[in-house]
Undergrad: 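Take this structure first; my questions come after.
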Amino acid sequence: MASRNKAARKTASRKASNKRSNKASGKTSNKTSKKTRSGVATVAPQSDAARIIAAIKKIPRGKVCTYGNVADVAGLPRRARLVGTVLRQTPASRGLPWFRVINASGRISFPLGSDAYARQRKHLEAEGIDFVGGRVDLDRYGWPPRAKLLDELLWGPV
DNA sequence: GATTTGGCCGGGC
DNA sequence: AGCCCGGCCAAAT
């Protein structure tokens, strides 16, 4: 069964992001920067949640972004699930365009038929996003645009 | 498309 | 610590 490249998959395919960079050591809990040892105040690293929120805010009207891409934009590759978790526990009161986040299949992640599903879909359609067979065409509405993703991966942020 | 399989990570117990 | 479960992902069947 050719079960060879398993570990290779993520690493190689999903963005040659070798940028697992910093953290990587499991927990990151960057709470508010504390280590102000003697004065050298390290610039408070934003919490992962804050970065995710910020990334979501960038999604333009009429566009959608997958959990994975939100994570990438937030500088947290491979933390798609965290995006879901953060979203789940973030009060919509924040004026956050949470509804622009959908899964990599171009579908709304809530169970079809649920209120949540209907709510999200309504928001998206209100922005002109069109659903075909319950799916959003990511080539058309996805953000950031694929080309851009690729470029940044290969060339780095301009 | 649908499923399976393996991987990733954070949170809760 | 260990185990299990997520608004996940992607390659392979």
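All chains are named by letter (A, B, ...) in the order of the sequence lines, taking the proteins before the strands, and each is independently numbered beginning at 1.
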Undergrad: When you measure from the side-chain N and O atoms of A/Ser109 to the phosphate of C/dC8, is any distance below 4.0 Å, counting only OP1 and OP2?
TA: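 Answer yes for this pair, as a side-chain N or O of A/Ser109 is under 4.0 Å from OP1 or OP2.
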Undergrad: Under 3.5 Å, is there a donor-acceptor pair between the side chain of A/Lys63 and the main chain of A/Pro145?
TA: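 No, the answer is negative, given that no donor and acceptor are paired below the 3.5 Å cut-off.
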Undergrad: In whole Å, I'd like the distance from the CD atom of A/Gln89 to the P atom of C/dG7.
TA: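 Value for this atom pair: 10 Å.
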Undergrad: Touch check for A/Leu87, heavy atoms < 4.0 angstrom, all strands: base, sugar-phosphate only, or nothing?
TA: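 The answer is base, as A/Leu87 lies within the cut-off (heavy atoms under 4.0 Å) of a base atom.
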Undergrad: Give me the stems containing DNA chain C, sorted by first residue, counting only three or more consecutive Watson-Crick or G-U pairs with both distances under 3.5 Å; say none if there aren't any.
TA: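 Paired runs of 3+ in DNA chain C: B:2-7 with C:8-13, B:9-13 with C:2-6.
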Undergrad: Quick test of your reading of the model: are A/Asp72 and A/Arg79 salt-bridged, counting only N-O distances below 4.0 Å?
TA: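 Answer for the salt bridge query: no.
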Undergrad: Quick check on DNA chain B: between A/Thr85 and A/Arg135, whose nearest nucleotide comes earlier from the 5' end?
TA: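 Looking at the nearest nucleotide for each, A/Arg135 comes out on the 5' side.
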Undergrad: Quiz question: going by heavy-atom distance under 3.5 Å, is there a donor-acceptor pair between the base of C/dG6 and the side chain of A/Arg81?
TA: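 Answer yes: a donor N or O sits under 3.5 Å from an acceptor.
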Undergrad: Without swapping roles, check the side chain of A/Glu125 against the backbone of A/Gln120 for a donor-acceptor pair under 3.5 Å.
TA: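 Such a contact is absent between A/Glu125 side chain and A/Gln120 backbone.
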Undergrad: If I take atom CD1 in residue A/Ile102 and atom P in nucleotide C/dC9, what distance separates them, rounded to the nearest angstrom?
TA: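 My rounded result for the distance is 9 Å.
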Undergrad: So, OP1 or OP2 of B/dG10: does either fall under 4.0 Å of a side-chain N or O from A/Arg79?
TA: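 Answer yes for this pair, as a side-chain N or O of A/Arg79 is under 4.0 Å from OP1 or OP2.
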Undergrad: Using a 3.5 Å distance criterion without hydrogens, assess whether the side chain of A/Arg100 forms a donor-acceptor pair with backbone atoms of A/Ile59.
TA: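 It does hold such a pair.
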